[in-house]
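Numbering of ligands and ligand atoms starts at 1, following listing order.
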Amino acid sequence: MKKHNFSAGPCILPQSVLKQASEAVLNFNNDNLSLLEISHRSKPFVDVMEKARALVLELLNLNDDYSVLFLQGGASLEFLLVPYNLLKIGGKAEYLDTGTWSTKAIKEVKHLGDVNVIASSKDKDFTYIPKDYTIDSNADYFHCTSNNTIRGTQMKTFPKTDIVNVCDMSSDIFSRELDFSQFDLIYAGAQKNMGPAGTTLVVVKKSILGKTGRNIPSMLDYQIHIDKDSMFNTPSVFAIYVSMLTLQWLKDLGGIKAIEKINNAKAELLYGEIDTNVLFEGTAAKEDRSNMNVTFRLLDTSKTEVFEQLLKDNGINGLNGHRSVGGYRASMYNALPLESVEVLVGLMKQI
Ligand SMILES: *Cc1c(COP(=O)(O)O)cnc(C)c1O
């Protein structure tokens, strides 16, 4: 049975990418060696790394004031690396608290210094994006989360600020056109919209580094990873290769501009059904709804069993809400075709 994969992460990847990746596991570059058994310093892999890096800058429309890193430890380790590399000794950071992931990011700053939560939507279970706040221009940096994967909210606009601007874009990078140059540091775990689990993308403006006065351990130091071209230690070769293929797939499709149109069409279709079907209710504030993770509830719980059987019988995968929230969550990352959303909406009409 064909599956429709709404998984929140790791999540759907383009079929053509999976096919190429599986071939490379057996025979990479027609060299009769697996991608998994060659040196990361061999020319074929160095080419992969360089291509991946170039594609990131090209798709985000950034110049080489920025460095692109492929690190390990997930976005979760960036929660710590960001303050390590940007928070001055005795300095202060400004954080916007919009969900579970921001809350975790805030916690890590406390290992190193002061963090000021300038606004939070915790009062309403993170179902909206706070809009009324000011960023202290004396702080070392500002941090926000562009898309809140668990509650299904997304920042539609970003505050203007003169201080260093940091964004966790794990679950919506490459999904919509933005002026990415408004940020000085962007990070994203690969497994939501870029590739498989195992690598984290960090895009950092070089000029912001080296200002903290801290002695940074090597593996936590962005400058060392920049100097070593993301090969200070052995990088996750497979995750980087598959990410490169996915970025190439996106470029061939027409880049972010083209995928944004498709993503908008998917979101309009599903939110349209949620808003008109009396059996369902969306759980995020309308103006802050995420185009990537659509959270909703079935109001008539006597129909739960019928609905879930229908989902199962029709190959719908990964629609359960996050374990901390319940309800349903349809994650509609770049590789999810519109057709899968059409199938889901058809089933919502059927019950
Ligand atoms: C999934 C996620 C993370 C955590 O990513 P890991 O790679 O698992 O550490 C952080 N931030 C956001 C917005 C996420 O969606």
* **Heavy-atom closest contact (K88 atom, D140 atom, distance)** => N-OD2, 2.8 Å
* Could you tell me whether ligand 1 has any atom less than 4.0 Å away from a heavy atom of Q191? => yes
* Asked: For F307, is the NZ or CZ atom of K303 found under 6.0 angstrom from the centre of its six-membered ring and inside 45 degrees of the ring axis?
  -> no
* Per-atom contacts, ligand 1 versus G74 - under 4.0 Å to a heavy atom -> 7 (O), 9 (O)
* Structure fact -> So the atoms of ligand 1 within less than 4.0 Å of a heavy atom of D168 turn out to be 10 (C), 11 (N), 12 (C), 13 (C)
* Who's the nearest protein heavy-atom neighbour of atom 4 (C) of ligand 1, and how far? -> W101 CZ3, 3.4 Å
* Structure fact -> Heavy atoms of I89 and G213 approach each other most closely as CD1-O, 3.3 Å
* For F79, the ligand 1 atoms whose distance to one of its heavy atoms is below 4.0 Å -> 10 (C)
* Structure fact -> If we number the atoms of ligand 1 from 1 as shown, the ones under 4.0 Å from a heavy atom of T145 are 13 (C)
* Under a 4.5 Å cut-off applied to non-hydrogen side-chain atoms, are S170 and N193 in contact? -> no
* Asked: Are S16 and K19 close enough that some pair of their side-chain heavy atoms sits under 4.5 Å apart?
  -> no
* Is it the side chain, the backbone, both or neither of Y187 that has a heavy atom closer than 4.0 Å to ligand 1? -> neither
* To do: Heavy-atom contacts with N147 under 4.0 Å: which atoms of ligand 1 show up? List them by number with element.
  => 13 (C)
* Any donor-acceptor N or O pair under 3.5 Å, side chains D288, T153 -> no
* Asked: Are any non-hydrogen side-chain atoms of F174 and K192 less than 4.5 angstrom apart?
  -> no
* Structure fact -> Here the atoms of ligand 1 under 4.0 Å from any heavy atom belonging to A75 are 3 (C), 4 (C), 5 (O), 6 (P), 7 (O), 9 (O), 10 (C)
* Asked: Does an N or O anywhere in T149 fall below 3.5 Å from an N or O of ligand 1?
  -> yes
* Asked: What part of T200 sits under 4.0 Å from ligand 1 if we count only heavy atoms: the side chain, the backbone, both or neither?
  -> neither
* Plane angle bin for Y95 and H143 - parallel if under 30°, tilted between 30 and 60°, otherwise perpendicular -> parallel
* May I ask you to identify the nearest protein heavy atom to atom 14 (C) of ligand 1, giving residue, atom name and distance to one decimal place in Å? => K192 NZ, 3.0 Å
* Asked: Does P130 reach the side chain of L96, with side-chain heavy atoms less than 4.5 Å apart?
  -> yes
* Please report which non-hydrogen protein atom sits nearest to atom 9 (O) of ligand 1, along with the residue it belongs to and the distance in Å to one decimal place. => S76 OG, 2.6 Å
